[in-house]
Amino acid sequence: MVKYINAECYKAFHRKYLYIFLASVLGLAAAFMLLLRVEGLRETQTAEGMIMIQQVTVSELMGILAMSLSAGLYFLMIGADIVFSDQYKYNTLKNEVSYGLPRIRIYLGKLVSAALVAAVLCILLLGGYFLLSWALFPMGDEVWESLRTVGLWLLAAFPLWMGGLGLFMLLQFVMKNTAATITYVMIVGFLGSGFVDLLTVFMPSLQTVADLVRTISLNTPFALLREQEPLEIMGYAWMLGVAWLGASTGVGLVCFRKKEIS
């Protein structure tokens, strides 16, 4: 298993796709920061005359980051896609099965590899965001408290991201790449949207369904993080994320074991 994971990670980290994605996202973040830096300046009268004061601080940027952690449910698709890499299209998965590799090793090996690649992407993107913030903006009075809060939010977000990764990997194994991506976005988007709530306005009998959807949605803890302290929903986030990861992996293993690879 370890050798298989090493091989998958080696292939992933030698794909240009990974570095193009990183450069694109960090470039957009840098452009956003520079624009914010310029727009956040204002003139202030002091005893020495007019000076320029930066209104935006690192603390506020940490708050923006914490509010956007749900985007990780979609970013993790990049890590999984880099690992899976159109294997049905190029028949490479058929070659692995024909070679005699156990299907459980193939499935779990790719899942773990995708998690490792996604973790590296997360570290690099967050690290780039932190460095740009500290290089361009003043710290502010509450920077350390903001960093502590972001750390707790990341701890709550981690199992939810893994639950999303498990679902996306399941779809990758049972569908074609494009169909898997579209289906994943639809599932996560639908469960996290207010569409079901809107239906209950016209069909009150669906209220029980709406409550269930909210309970099992990977987006719900992210919404709660905007209203509650991270520690208050930590247990819920971990139970939900682990449940999604366990259920999707179990279903994926059963489906892949029975699937005809042609």
Side-chain angles (χ1 to χ4, degrees), residues 18 20-40 54-81 114-115 117-140 142-165 167-168 181 184-195 214 217-234 236-238 240-241 244:
L18 174 69
I20 291 172
F21 171 76
L22 273 173
S24 299
V25 175
L26 290 175
L28 288 172
F32 167 74
M33 296 267 189
L34 289 171
L35 181 62
L36 199 59
R37 171 73 180 174
V38 174
E39 293 295 324
Q54 177 58 235
Q55 292 178 287
V56 181
T57 66
V58 172
S59 298
E60 291 169 321
L61 289 170
M62 292 302 103
I64 293 174
L65 173 64
M67 296 291 283
S68 60
L69 289 177
S70 59
L73 288 173
Y74 300 98
F75 274 24
L76 60 83
M77 292 191 298
I78 303 299
D81 188 58
V117 172
V120 171
L121 281 172
C122 179
I123 291 169
L124 292 175
L125 291 174
L126 290 175
Y129 187 91
F130 291 152
L131 289 175
L132 287 168
S133 300
W134 294 333
L136 295 174
F137 298 91
M139 287 290 187
E142 301 178 352
V143 62
W144 299 115
E145 181 60 28
S146 298
L147 286 173
R148 174 185 172 276
T149 301
V150 169
L152 289 174
W153 283 32
L154 288 172
L155 186 60
F158 173 75
L160 301 171
W161 291 341
M162 290 299 99
L165 180 64
L167 173 61
F168 187 58
T181 301
Y184 175 81
V185 171
M186 289 178 63
I187 291 173
V188 174
F190 175 78
L191 291 180
S193 71
F195 180 73
R214 278 193 296 269
S217 172
L218 289 167
N219 292 279
T220 299
F222 290 112
L224 293 176
L225 279 172
R226 300 186 182 99
E227 306 167 359
Q228 303 178 28
E229 290 296 318
L231 291 174
E232 293 177 10
I233 59 97
M234 190 72 70
Y236 171 47
W238 273 87
L240 185 63
W244 271 95

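Treat the numbers as computed from the prediction; the structure is a model and nothing was measured.
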By side-chain contact (heavy atoms from CB on, under 4.5 Å), Ala237 pairs with (sequence neighbours left out) Ala156, Leu160, Pro221, Ile233
Residues in ring-ring contact (aromatic ring centres under 6.0 Å, His included) with Phe130, at least two apart? Trp134
Report the C-alpha separation of Trp244 and Met162 in whole Å, then their side-chain angles, then the decisive distance to 0.1 Å, and conclude whether the side chain to side chain contact (heavy atoms under 4.5 Å, CB included) test is met. CA-CA 8 Å; Trp244 271 95; Met162 290 299 99; over 6 Å; no
Rounded to the nearest 0.5 Å, what separation is found between the CZ atom of Phe222 and the CH2 atom of Trp153? 10.5 Å
With sequence neighbours excluded, what pairs up with Ala114 under the side-chain contact (heavy atoms from CB on, under 4.5 Å) test? Ala80, Val83, Leu165, Met169
Nearest 0.5 Å, what's the OH-CZ distance between Tyr74 and Phe168? 12.5 Å
Residues at least two apart in sequence or cross-chain that pass ring-ring contact (aromatic ring centres under 6.0 Å, His included) with Tyr236, listed by chain then number, are none
What's the spacing between Ile78 CD1 and Ile20 CD1 if we round to 0.5 Å? 11.5 Å
Enter the distance from Leu65:CG to Ser133:OG here, rounded to the nearest 0.5 Å. 8.0 Å
Sorted by chain and residue number, the side-chain contact (heavy atoms from CB on, under 4.5 Å) partners of Leu124 (sequence neighbours excluded) come out as Leu22, Val120
Quick one: does Leu132's side chain get under 4.5 Å of Leu34's, heavy atoms only? no
Let me confirm one number: the CD-CG distance from Glu229 to Leu224, rounded to the nearest 0.5 Å. 12.5 Å
Any heavy-atom pair between the side chains of Leu18 and Leu121 that's under 4.5 Å? yes
Using the test ring-ring contact (aromatic ring centres under 6.0 Å, His included), find all partners of Phe21 that sit at least two apart in sequence or belong to another chain. Phe75
Under 3.5 Å donor-acceptor, Trp161 side chain and Leu69 backbone: yes
Looking at every non-hydrogen atom in both residues, tell me the closest pair between Leu152 and Met234 and how far apart they are. O-CE, 3.5 Å
